[in-house]
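Worksheet: the structure to be examined is printed underneath.
Numbering of residues begins at 1 and proceeds along the displayed sequence.
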Amino acid sequence: MAPRNLRVTALIPAFDAAAHLGGVLMGLAALEVPIEILVVDDGSRDATAEVARQHRVPVLQFAANRGKGHALIAGFEALKHCDAVITLDADGQHPPECVPALIAAAESGADVVLGSRQFGAGMPPLRRFANHWSSAWSSAIAGARISDSQCGYRLYRREVLEAVPVTPGRYEIETEMAIRAAMLGFRVVEVTVPTVYGEEKSGIRLTRDVPRIIGTMARLTVERWLPPISMRSARRRVAAVPRGEAPRTPNAGAGL
């Protein structure tokens with residue numbers, strides 16, 4: 001059985017999010033489950049950091065915008081004391097009231113908990129098509145169900161953050177982490193979360209970020225048969241320290 005009463009921190013990468021961050025922080029503070037919060041200000045040009053401090057939330061600040069992947073890695077490094085980290089966006093698209101469901105899934109034995117949005121009229125058609133396409137590809141590479149590869153609302157247990165190699169970058173880091181965790185045999189489950197779209201705009205840029213995501217997925221496809229040294233080393237570390245009642249084994253066909 002997985003240990004109960006996990007020490008969990010909500011990690012919020014934020015860029016020019018002053019208009020929405022306060023509502024997210026108030027939602028997290030109102031939860032009945034105890035949870036810490038850390039904001040990583042990714043070089044914002046507005047009052048993002050000041051909003052976090054007004055809510056008495058610690059902030060890591062970058063002098064310039066470096067990208068979501070760098071913000072997440074900095075946050076993970078700062079939160080080594082936690083049993084698990086929940087990532088959510090600062091723009092209000094990830095309702096804080098879903099946090100207990102993610103924690104419950106981890107306490108039931110999941111290593112990675114992925115938020116899975118219901119794709120309906122609330123999501124723009126082009127994004128809905130792109131997400132279906134990328135999610136199907138991600139699932140095929142990972143050998144596990146990843147029905148919403150672009151949702152950044154997730155929980156990672158400490159063992160995953162310590163084992164999974166990550167490549168600094170922008171939004172593609174989330175695809176890499178989910179697929180590589182599954183390849184290494186970590187238990188990946190999904191929790192349904194609402195689809196929330198308001199006046200905020202996605203930070204993903206068609207000409208900048210989409211090619212990076214596609215390139216990452218192509219690289220991970222090759223890794224199924226030709227894993228890099230970092231993944232071979234990670235597999236040995238994971239196999240040497242099994243959790244729960246049965247050791248982890250890489251997913252069939254993962255090329256490890």
(request) Under the side-chain contact (heavy atoms from CB on, under 4.5 Å) rule, what do Val166 and Leu72 come out as? Steps first, then yes or no, please. (result) CA-CA 10 Å; Val166 293; Leu72 289 173; over 6 Å; no
(message) Set out, in order, the CA-CA distance, both residues' side-chain angles and the distance that settles side-chain contact (heavy atoms from CB on, under 4.5 Å) for Met177 and Leu161, then state yes or no.
(response) CA-CA 9 Å; Met177 290 183 70; Leu161 296 177; 3.7 Å; yes
Closest contact, heavy atoms only, [X] versus [Y]:
{"X": "Lys68", "Y": "Asp42", "answer": "N-OD2, 3.9 Å"}
{"X": "Phe62", "Y": "Ala74", "answer": "CZ-CB, 3.8 Å"}
{"X": "His94", "Y": "Asp89", "answer": "ND1-N, 2.9 Å"}
{"X": "Gly22", "Y": "Val51", "answer": "N-CG1, 3.7 Å"}
{"X": "Ala78", "Y": "Leu38", "answer": "CB-CD2, 4.1 Å"}
{"X": "Leu114", "Y": "Ala178", "answer": "CD2-CB, 4.3 Å"}

(message) Among residues at least two apart in sequence or on other chains, which ones pass side-chain hydrogen bond (donor to acceptor under 3.5 Å, both in side chains) with Ser233?
(response)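 side-chain hydrogen bond (donor to acceptor under 3.5 Å, both in side chains) check on Ser233 returns Arg236.
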(request) Please identify each residue that fulfils side-chain hydrogen bond (donor to acceptor under 3.5 Å, both in side chains) with Thr221, with sequence neighbours left out. (result) Trp137
(request) Verify side-chain contact (heavy atoms from CB on, under 4.5 Å) between Arg224 and Met183, making sure each step is shown before the conclusion. (result) CA-CA 8 Å; Arg224 285 177 59 87; Met183 283 181 169; 3.6 Å; yes
Taking [X] for its side chain and [Y] for its backbone only, find out whether a donor-acceptor pair lies under 3.5 Å.
{"X": "Arg232", "Y": "Pro227", "answer": "yes"}
{"X": "Tyr153", "Y": "Gln93", "answer": "no"}
{"X": "Arg180", "Y": "Pro165", "answer": "yes"}
{"X": "Arg187", "Y": "Gly109", "answer": "yes"}
{"X": "Arg157", "Y": "Phe186", "answer": "no"}
{"X": "Arg66", "Y": "Gly43", "answer": "no"}

Run the salt-bridge test on [X] and [Y] with the 4.0 Å N-O cut-off and return the result as yes or no.
{"X": "Arg237", "Y": "Glu162", "value": "no"}
{"X": "Arg158", "Y": "Asp83", "value": "no"}
{"X": "Glu190", "Y": "Arg145", "value": "yes"}

(message) Are the side chains of Thr87 and Phe76 in contact, using a 4.5 Å heavy-atom criterion?
(response)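 Yes, side chains in contact.
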(message) Does any part of the side chain of Ile12, heavy atoms only, come nearer than 4.5 Å to the side chain of Leu28, both counted from C-beta?
(response)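 Side chain of Leu28 against side chain of Ile12, heavy atoms only: contact under 4.5 Å found.
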Rounded to the nearest 0.5 Å, what separates atom [atom1] in [X] from atom [atom2] in [Y]?
{"X": "Arg45", "Y": "Asp16", "atom1": "CZ", "atom2": "CG", "answer": "4.5 Å"}
{"X": "Leu11", "Y": "Ile86", "atom1": "CG", "atom2": "CD1", "answer": "10.5 Å"}
{"X": "Thr216", "Y": "Ile179", "atom1": "OG1", "atom2": "CD1", "answer": "9.0 Å"}
{"X": "Ser139", "Y": "Ile146", "atom1": "OG", "atom2": "CD1", "answer": "5.5 Å"}
{"X": "His81", "Y": "Arg7", "atom1": "NE2", "atom2": "CZ", "answer": "4.0 Å"}
{"X": "Gln61", "Y": "Thr48", "atom1": "CD", "atom2": "OG1", "answer": "9.0 Å"}

(message) Tell me if the CZ atom of Arg219 is crowded by more than 12 foreign heavy atoms within 6.0 Å.
(response) yes
(message) Listing request: all salt bridge (Lys or Arg N to Asp or Glu O under 4.0 Å) pairs with a residue in residues 20-35, at least two apart in sequence or in separate chains.
(response)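 Matches after skipping sequence neighbours: none remain.
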Please tell me whether [X] and [Y] are part of a single hydrophobic cluster in this structure, the criterion being side-chain heavy atoms less than 4.5 Å apart.
{"X": "Leu21", "Y": "Phe15", "result": "no"}
{"X": "Val188", "Y": "Met231", "result": "yes"}
{"X": "Leu102", "Y": "Leu25", "result": "yes"}
{"X": "Leu6", "Y": "Val33", "result": "yes"}
{"X": "Val39", "Y": "Met26", "result": "no"}

(request) Verify side-chain contact (heavy atoms from CB on, under 4.5 Å) between Thr175 and Ser138, making sure each step is shown before the conclusion. (result) CA-CA 7 Å; Thr175 298; Ser138 296; 4.0 Å; yes
